[in-house]
Amino acid sequence: MVEKQASRILGRHVVQSPPEVSFCAGCRACEIVCSLLHDGVVGPYYKRIFVDKGTRSMVSTVYSCQHCADHPCYLACPRKDQAMCLDENGIVYIQEEYCNGCKRCVKACVFDPPRINYVQSKDKSKRKAKKCDLCRNRPEGPACIEFCQVSCLSLSDQG
Amino acid sequence: MTQLYGYVGKIARINLTDQTVSIIPTTKYVPKYIGGRSIANRIFWEEVGPGVKAFDPENKIIYMTGPTTGTGIPTGGRTVFTCISPNSYPEQYAWSGIGGDFGAEVKFAGFDGFIIEGKAAEPTYLFIEDGEIKFLSARNLWGKLVHATQSKLEEIHGKDVKSVVIGPAGENLVRNASVTTSNDNVAAKAGLGAVFGSKNLKAITVRGTGVVVPANIPKVLELRKKMSDPSMAPRPVVHETHHGIPGIEKPVPGGWKRAQVACSYGCNQHCMCLMLDMKSAFGEERVNHVEKCVSIVAFGFEEDVPYGGPGGPGGIFQTEQNHYPACKLLSREVDPPDPSDPYLELEITPGPGDILNFWKHDFDKGSVINDLCNEYGLDKWDVLIWLLPWLAMGKKEGVFDDIDFGMEIDVESEEFVKYLLDMIVYRKGYYGNLLAEGMARAIRTLGKEKFGDTIYHGRYSRQINKRLDLPISLESAWGHCVHWQGRGFEASIAKPAWVATNLHQMTSTRDTQTVQHHHDTFEHYLELKDDPCRSPLTAQAVIMGENKAELKDSLTSCDWQSPNLFWTDMEAQMFEAATGIPMTEEELNNAAERSRLLFRAIIIRNHGRTREMEVNAIFAIMQYPDPWGETVTWEEWNDLVDLYYEQRGWDKKTGWPTRETYEKYGLKDVADELEAIGKLPSSK
């Protein structure tokens, strides 16, 4: 898995600064504004960025979609170009009304933990994948970056 | 069903005795009782009558989130517990706030709060997942330290669960035991850990996959950018060469690493200092732990906090140009004073704090003390401001010459502190058992005249260059120790401020200055400073502070962002953004008054609170001089109490609210019940 990740060509993506630049405060603002702006709710299934806070260490690691250039999640989608789409900037995004909740994109994600969230529900029609789209329709750019109180998130130079 | 914003709609009644759960709709209480402590006060009034003791199964632990919890509104991650507190002296109804991610997770699991009643037959923990509540055996958790318990629960249920747990102190009914989240946030002021222990309740572990829906998302985002002016700038790990209270830091050989982290889910500040790679009390492995305020004196307590003046940035009396919340002070993001402030020179009159000489600076020992408190689940205030200074002062005064702890009393010694806290937490021997009963009770058992009131001769004021009296026991009122009260610790505030903080304390059942640090405007200060006990402005500011504290624990919000004296409807905006229910500042203040009245009614009905009782409880500590040699006279104090009761609408003779006051805030039923038991003042 590690080798596979290391050799990947990545698109521009949200990155966490090293602690000597800025130390994540663990406030989860990135998760919160992500789900608020995409879905109008706050909840663990609705975030597209993930804060892993050390229980004893209180050191937090932020996981985000790496926007792989070969986008295996997009390729795995049985409804590609309807549910999982690719825009002119190479950003893979989801049109949820077409997502059937098959979870193949989550399984196709090469990263551990997977960077695609998934709404689990007894109601099959509510099962949806949730993936970072870099707030592609938001003029201010990714909300997680804008609302990070310690500016420890930024866009990578790659892509 | 109408969409509910802010709240998630259910309160779970959890009976540990028969392992049953029932559901109460949150709408039974809201919006009239807002959320958090307001709801808890109402439930407690309805369900727990007089005669119930802290460790009785009939005592109830009420845990409540607020409508802002989990919405993304800053500070909403704080939540509140209430119960009859074993740490209050005498035992009384009290509350304790807590941060962390736990509260938001409770809402994601579908609950606005819990009423925990009864007593489990054997060690138990609650596992709550998406509306389902299980009673699981805690036999394999019992005896574990706080972080080991947190880790074990994650091992069992997965890394994404959030837990509040007790350590050995709570299990052994140590009266100042705390309840702790995974990020060293504690509910410590009401002895809640011991109430958990008395119910054989080791932990509550939650996983939720649901959602919280705020009513007004643009407003939530606006509040995130506006509340307390978040820095929105990088905060790297800093290598520090010194440590201590700003202005009196001491060098640390080899230095140490500091980061800043947020206390609770979704806050927009980072007031907690995360100390990295610190010495542990329990092994060779280095640990990280947080330092907020009182932890700082664990590392050295030779002198008190310096006096900054009556006002100025961060001061008690504030101007529009120069005020900032406490979180800025703790994250060290204070801007230089604004020179356009017309009162600036009057506000800032710095001076050194009292010399106390309790213990020398020892960085590793300080870390060990904090680690012991964190892992055992003990209230640090009681340990750092009461127990250890008592031993330091008492030893110098020869009070303990005939006492044998089994090890020589030496608060400078890391080994002694470890021995002492182990003895207390595990109730070893006569003195371990005695001190586990809390300082107020232990000192009375030993004999208060000698073991509490003996004068320490090592206090020296650098404000007036004179030795001043200080009792070896820094007790204020209700079984709690001093906190911003003009003597002891954080004593460097002048009389116009400390008469207010003592008035806050008088009407409470626990230390108040964690949730209602006193604030007023500098213009008021100029009016009241010459005779603060005879100024209605002092009482008015205390009432404002008390009401804001009710709101902080109800919405919820935080003492370090609220009140903002120059944005007075901030809390109303928070409530409306979360719930969509229109709310004016006045309406919200009325809700706070209602909550405060319920608290008052509980302590009158259940604990016999009267004016005589509370005036006597607080008056003694104010007879020791402040750093300027000032005290308060009986007449002054009673004049202030008169002004306060009058403004509150309480009877001046008894201290009991009048029927008119209860009815004004929609509490006729409370007035009726109090009248039936003779605890409503007679109408004239």
Against chain A, label B/Leu274 side chain, backbone, both or neither, depending on which of its atoms sit under 4.5 Å from a heavy atom there. side chain

Region of B/Glu375 in contact with chain A, defined by heavy-atom distances below 4.5 Å: side chain

Tell me, out of B/Val290, B/Thr181, B/Leu276, B/Asn288, who's got the most heavy-atom pairs with chain A below 4.5 Å. B/Asn288

Does the side chain of A/Gln120 come within less than 4.5 Å of B/Thr209's, by heavy atoms? no

Contact part of A/Cys30 toward chain B, heavy-atom cut-off under 4.5 Å: side chain, backbone, both or neither? neither

Would you say the side-chain atoms of A/Ser22 pair up with the backbone N or O of B/Pro236, donor to acceptor, closer than 3.5 Å? no

Sequence neighbours left out, what pairs pass salt bridge (Lys or Arg N to Asp or Glu O under 4.0 Å) with at least one residue falling in residues 14-34 of chain A? A/Arg28-A/Glu31, A/Arg28-B/Asp101, A/Glu31-A/Lys47

B/Phe108 versus A/Pro44: any side-chain heavy-atom pair under 4.5 Å? yes

Counting heavy-atom pairs under 4.5 Å with chain A, which one of B/Gln269, B/Lys107, B/Gln150 comes out on top? B/Gln269

For A/Tyr46, is it the side chain, the backbone, both, or neither that has a heavy atom closer than 4.5 Å to a heavy atom of chain B? side chain

Write out, in numerical order, the residues from residues 225-232 of chain B with a heavy atom short of 4.5 Å from a heavy atom in chain A. B/Lys225, B/Ser231, B/Met232

Note, A/Leu36 side chain near B/Pro214 side chain (heavy atom, < 4.5 Å): yes

Can you name the nearest heavy-atom pair linking A/Val21 to B/Pro234, along with the distance? O-CB, 3.5 Å

Salt bridge check, A/Arg56 against B/Asp371: does any charged N sit closer than 4.0 Å to a carboxylate O? yes

Return the OG to NZ distance between B/Ser182 and A/Lys53, rounded to the nearest 0.5 Å. 6.5 Å

Check each atom of A/Cys152 against the heavy atoms of chain B and say whether the ones under 4.5 Å are side chain, backbone, both or neither. neither

Any salt bridge (Lys or Arg N to Asp or Glu O under 4.0 Å) pairs touching residues 262-286 of chain B, not counting sequence neighbours? B/Lys257-B/Asp277, B/Lys279-B/Glu414

Non-hydrogen side-chain atoms of A/Val42 and B/Tyr265 separated by less than 4.5 Å: yes

When rounded to the nearest 0.5 angstrom, what distance separates CG in B/Asn183 from OG in A/Ser60? 9.5 Å

Under 4.5 Å from any heavy atom of chain A - which part of B/Val238: neither

Top of B/Asp184, B/Ile217, B/Leu221 for chain A proximity - count of heavy-atom pairs under 4.5 angstrom: B/Leu221

Steps toward side chain to side chain contact (heavy atoms under 4.5 Å, CB included) verdict (B/Val261, A/Phe23): CA-CA 8 Å; B/Val261 290; A/Phe23 187 87; 3.7 Å; yes

Option in B/Ala233, B/Ala262, B/Ala259 with maximal non-hydrogen atom pairs under 4.5 Å from chain A: B/Ala233

So what's closer than 4.5 Å to chain A heavy atoms on B/Arg235: side chain, backbone, both or neither? both

When A/Gly43, A/Ala29, A/Ser121 are compared by non-hydrogen pairs under 4.5 Å with chain B, the top option: A/Gly43

Is it the backbone or the side chain of A/Asp39 that comes under 4.5 Å from a heavy atom of chain B, or both, or neither? neither

Filtered by a 4.5 Å non-hydrogen cutoff, the part of residues 153-168 of chain B contacting chain A is B/Glu154, B/Lys159, B/Lys162

Are more than 12 heavy atoms from other residues, nucleotides or ligands located less than 6.0 Å from atom OH of A/Tyr98? no

Would you check if the side chain of A/Gln149 reaches a backbone N or O of B/Cys267 as a donor-acceptor pair within less than 3.5 Å? yes

